[in-house]
Amino acid sequence: MQSATTKLRVFSGIQPSGGLHLGNYLGAIRNWVRNQDKYDNIFCIVDLHTITVPQDPAALRENTLDLAAVYLASGIKREQAMFVQSHIPAHAELAWILECFIPMGWLERMTQFKEKSGRERERSSAGLFAYPALMAADILLHDVDEVPVGADQSQHVELARDVAVRFNGRYGPTFVVPKAVNPGFTRRLRELSDPCAKMGKSNGNEAGVLFLLDSAEVARRKVFRAVTDSGREVAYDPVGRPGVANLLEILAGCLDETPTALARSFSSHRQLKEAVADTVIATVRPIQTRYAELRKDDGTVHAILRQGAAQAREQTQQKVREVRARLGLLP
Ligand code: ATP
Ligand code: MG
């Protein structure tokens, strides 16, 4: 049950469900990069989560390579354990076992399912409903201590925590009990065109999402079209003025400052938007340059992913054997 090193182990995952956006970067990836030497890291491309909603096969393959390249372009070191979830069958095996263990009521409380299924609940896949069981498997399989996530994923990490406690109580100590770690005010960036909706890869609203790979012109246009609130002065008030607050969080996130302090530097929405556009463009430019280099050479990306999977496979097999024995499945 102990991590192999004295460093805490963290699990970081993103779905290859479309272009990465600034929320993924400021809410997740950038912190992973900054903390990578402090932790024993697992960087996963969680493709089995992506197929909970229909995907075009060619796009999924492309998005998977893209995500690996963005991880590397953002500064994740090549020697880190980085792999594709579906390359490690133990994730799916443990997910099934946990699906048989987690009460339906726990899953019914998950807000992401309600948001993503919307009015299509009856037509949504069983996988979308069971998504948190797979995420619990991702985390518990690797004896993870901490899971750095945006606010939207905290509820799922809580569920993984409850699963670990309950399983350990029933079958004896098996899983490390994980905890969620959120990144402060960048934990939930919102859409530019709807500052109450979470910025997301697959929301289907491209105009409101600042993609990491957007050209400078596109990014600038999106920022200038961002919905701001009535009132002309610039103040940080996430509840009363969510549009301006979102822009201030984006700017402060990029500059490592605080939204409240920054608000005082601007006397108009236009001035704020100019600063946001310039800063976002400067933040993503080096990532875009490295990304373009990496995507010229898919062989290297494939090799890094294969190597990562080989590293992870051994440890997960041991964990699954332990779980199987606990349940009484014949060795
Ligand atoms: P999808 O729309 O397909 O669910 P997503 O943008 O929500 O995509 P995920 O792959 O589900 O991205 O999540 C990857 C990581 O990015 C998670 O840690 C998640 O909490 C974080 N994240 C996602 N959206 C935001 C956001 N708007 N602000 C901050 N963090 C975010
Ligand atoms: Mg998501």
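Counting convention: from 1, in listed order, for ligands and their atoms alike. Computed over heavy atoms, backbone and side chain alike; hydrogens, waters and symmetry mates excluded.
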S.K.: Are Phe101 and Phe167 close enough that their ring centers fall under 6.0 Å?
M.R.: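 Under 6.0 Å, so yes.
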
S.K.: One pair per line, please: each N/O atom of ligand 1 matched with every protein N/O atom under 3.5 Å away, atom names first, then the distance to 0.1 Å.
M.R.:
residue, atom, partner, partner atom, Å
ligand 1, 2 (O), Lys201, N, 3.2
ligand 1, 2 (O), Ser202, N, 3.0
ligand 1, 2 (O), Ser202, OG, 2.8
ligand 1, 3 (O), Ser17, OG, 2.6
ligand 1, 3 (O), Ser202, OG, 2.5
ligand 1, 4 (O), Gln15, NE2, 3.4
ligand 1, 4 (O), Lys116, NZ, 2.5
ligand 1, 6 (O), His21, NE2, 2.6
ligand 1, 6 (O), Asn24, ND2, 3.3
ligand 1, 6 (O), Lys201, N, 3.0
ligand 1, 7 (O), Lys198, NZ, 2.7
ligand 1, 8 (O), Lys201, NZ, 3.1
ligand 1, 10 (O), Gln15, N, 2.9
ligand 1, 10 (O), Lys201, NZ, 2.6
ligand 1, 11 (O), Gln15, NE2, 3.2
ligand 1, 12 (O), Asn24, ND2, 3.2
ligand 1, 12 (O), Lys201, NZ, 3.1
ligand 1, 16 (O), Asn24, ND2, 3.2
ligand 1, 18 (O), Gly150, N, 3.4
ligand 1, 20 (O), Gly150, N, 2.8
ligand 1, 20 (O), Asp152, OD1, 2.7
ligand 1, 24 (N), Lys198, NZ, 2.8
ligand 1, 24 (N), Met199, O, 3.4
ligand 1, 27 (N), Leu189, O, 2.8
ligand 1, 27 (N), Met199, O, 2.9
ligand 1, 28 (N), Leu189, N, 3.0
ligand 1, 30 (N), Gly23, O, 3.3

S.K.: Less than 3.5 Å apart, any donor N or O on the side chain of Thr50 or Asp47 sitting next to an acceptor on the other?
M.R.: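 There is no such pair between these side chains.
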
S.K.: Tabulate below the donor-acceptor pairs under 3.5 Å that side-chain atoms of residues 91-98 make, not counting sequence neighbours, or state none.
M.R.:
residue, atom, partner, partner atom, Å
His91, ND1, Asp138, OD1, 2.8
His91, NE2, His142, NE2, 3.1
Glu93, OE2, Arg324, NH1, 3.2

S.K.: Carefully, step by step, assess Asn41 and Gln80 under the rule side chain to side chain donor-acceptor pair (under 3.5 Å).
M.R.: CA-CA 7 Å; Asn41 307 283; Gln80 293 286 358; 3.2 Å; yes

S.K.: So, using ring-ring contact (aromatic ring centres under 6.0 Å, His included) as the criterion, who are the partners of Tyr25 when residues are at least two apart?
M.R.: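 Checked Tyr25 against ring-ring contact (aromatic ring centres under 6.0 Å, His included); zero matches.
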
S.K.: Restricting to pairs with a member in residues 185-196, which pass side chain to side chain donor-acceptor pair (under 3.5 Å), not counting sequence neighbours?
M.R.: Arg190-Glu249, Glu191-Asn203, Glu191-Asn205, Ser193-Asn205

